[in-house]
Amino acid sequence: LRLSGTRAELLVELAGCRARGFAELHDRALRGIDAVAVAVRPRGREPVGAALCWMQDSADAALRAEIVAGLLALEREVAAGCGG
(Lines give C-alpha, C1' and ligand atoms only; values in the text may rest on other atoms or scores of the structure.)
Protein backbone atom coordinates (compact mmCIF):
# COMPACT_ATOMS: atom_id res chain seq x y z
CA LEU A 1 0.00 0.00 0.00
CA ARG A 2 1.39 3.36 -0.98
CA LEU A 3 0.74 6.19 1.39
CA SER A 4 1.37 8.88 -1.18
CA GLY A 5 0.03 9.76 -4.60
CA THR A 6 -3.29 11.06 -5.81
CA ARG A 7 -6.69 10.11 -4.49
CA ALA A 8 -7.42 8.30 -7.76
CA GLU A 9 -4.20 6.26 -7.43
CA LEU A 10 -5.09 5.36 -3.84
CA LEU A 11 -8.57 4.19 -4.87
CA VAL A 12 -7.07 1.97 -7.59
CA GLU A 13 -4.57 0.53 -5.11
CA LEU A 14 -7.31 -0.12 -2.52
CA ALA A 15 -9.37 -1.92 -5.17
CA GLY A 16 -6.35 -4.14 -5.84
CA CYS A 17 -6.01 -4.89 -2.12
CA ARG A 18 -9.67 -5.88 -1.95
CA ALA A 19 -9.30 -8.12 -5.00
CA ARG A 20 -6.19 -9.84 -3.55
CA GLY A 21 -7.66 -10.05 -0.08
CA PHE A 22 -4.70 -8.40 1.61
CA ALA A 23 -2.61 -5.25 1.71
CA GLU A 24 1.17 -4.99 1.91
CA LEU A 25 3.09 -2.06 3.32
CA HIS A 26 6.73 -1.58 2.36
CA ASP A 27 8.38 0.99 4.57
CA ARG A 28 9.77 3.96 2.69
CA ALA A 29 10.85 5.96 5.73
CA LEU A 30 14.08 4.01 6.33
CA ARG A 31 12.85 2.29 9.48
CA GLY A 32 13.01 -1.05 7.66
CA ILE A 33 9.57 -2.36 8.62
CA ASP A 34 7.17 -4.14 6.25
CA ALA A 35 3.68 -5.46 6.99
CA VAL A 36 0.81 -7.48 5.59
CA ALA A 37 -2.81 -7.03 6.69
CA VAL A 38 -6.16 -8.68 6.01
CA ALA A 39 -9.70 -7.59 6.80
CA VAL A 40 -11.81 -10.12 8.70
CA ARG A 41 -15.47 -9.75 7.78
CA PRO A 42 -17.75 -11.63 10.18
CA ARG A 43 -21.29 -11.80 8.83
CA GLY A 44 -23.47 -9.03 10.20
CA ARG A 45 -20.59 -7.37 12.06
CA GLU A 46 -18.09 -4.63 11.42
CA PRO A 47 -14.85 -5.82 9.79
CA VAL A 48 -11.72 -6.01 11.90
CA GLY A 49 -8.10 -6.24 10.80
CA ALA A 50 -5.28 -8.68 11.41
CA ALA A 51 -1.71 -7.75 10.54
CA LEU A 52 1.86 -8.92 10.92
CA CYS A 53 4.93 -6.75 10.61
CA TRP A 54 8.64 -7.59 10.46
CA MET A 55 12.04 -6.12 9.73
CA GLN A 56 12.57 -6.02 5.97
CA ASP A 57 15.81 -7.97 6.02
CA SER A 58 14.28 -10.85 8.01
CA ALA A 59 11.72 -12.05 5.43
CA ASP A 60 12.48 -13.19 1.90
CA ALA A 61 9.85 -13.66 -0.83
CA ALA A 62 9.06 -17.23 0.26
CA LEU A 63 8.44 -16.22 3.88
CA ARG A 64 6.32 -13.26 2.75
CA ALA A 65 4.19 -15.68 0.71
CA GLU A 66 3.79 -17.92 3.79
CA ILE A 67 2.79 -14.91 5.90
CA VAL A 68 0.17 -13.86 3.35
CA ALA A 69 -1.20 -17.42 3.11
CA GLY A 70 -1.34 -17.71 6.89
CA LEU A 71 -3.16 -14.43 7.33
CA LEU A 72 -5.67 -15.31 4.62
CA ALA A 73 -6.29 -18.67 6.32
CA LEU A 74 -6.72 -16.88 9.65
CA GLU A 75 -9.21 -14.50 8.06
CA ARG A 76 -11.32 -17.42 6.77
CA GLU A 77 -11.15 -19.27 10.11
CA VAL A 78 -12.14 -16.25 12.20
CA ALA A 79 -14.91 -15.23 9.80
CA ALA A 80 -16.28 -18.80 9.78
CA GLY A 81 -16.18 -18.93 13.57
CA CYS A 82 -18.19 -15.71 13.69
CA GLY A 83 -20.82 -16.89 11.22
CA GLY A 84 -19.11 -15.38 8.16
Side-chain angles (χ1 to χ4, degrees):
L1 187 61
R2 287 183 21 194
L3 299 178
S4 62
T6 67
R7 183 175 193 276
E9 290 170 332
L10 177 61
L11 293 175
V12 168
E13 191 163 353
L14 289 173
C17 292
R18 286 187 192 98
R20 284 190 309 275
F22 65 93
E24 287 186 272
L25 177 67
H26 301 286
D27 182 27
R28 296 190 175 122
L30 303 177
R31 290 179 300 256
I33 299 171
D34 284 352
V36 173
V38 297
V40 180
R41 297 173 194 90
R43 188 181 318 196
R45 298 183 184 187
E46 291 293 317
V48 296
L52 288 175
C53 54
W54 59 88
M55 299 305 295
Q56 287 175 339
D57 60 359
S58 66
D60 60 13
L63 181 54
R64 280 172 145 60
E66 288 181 45
I67 291 169
V68 168
L71 278 175
L72 290 171
L74 174 68
E75 182 275 325
R76 290 187 297 273
E77 185 176 333
V78 171
C82 296

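Please read all numbers here as calculations on a predicted model, not as lab measurements. These numbers come from the heavy atoms of this one structure, side chains and all, not from hydrogens, waters or symmetry mates. Starting from 1, each residue takes its place in the sequence as its number.
Side-chain contact between Val40 and Val48: present, with at least one pair of heavy atoms (C-beta onward) separated by less than 4.5 Å. Contact check for Thr6 versus Glu9: side-chain heavy atoms found under the 4.5 Å cut-off.
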Please list, one pair per line, the donor and acceptor atoms closer than 3.5 Å that link side chains of residues 62-75 to other protein atoms, with sequence neighbours excluded.
residue, atom, partner, partner atom, Å
Arg64, NH1, Ala59, O, 3.1
Arg64, NH2, His26, ND1, 3.3
Arg64, NH2, Asp34, OD2, 2.2

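Of all the heavy atoms in Ile33 and Cys53, the pair that sits closest is CG2-CB, 4.0 Å.
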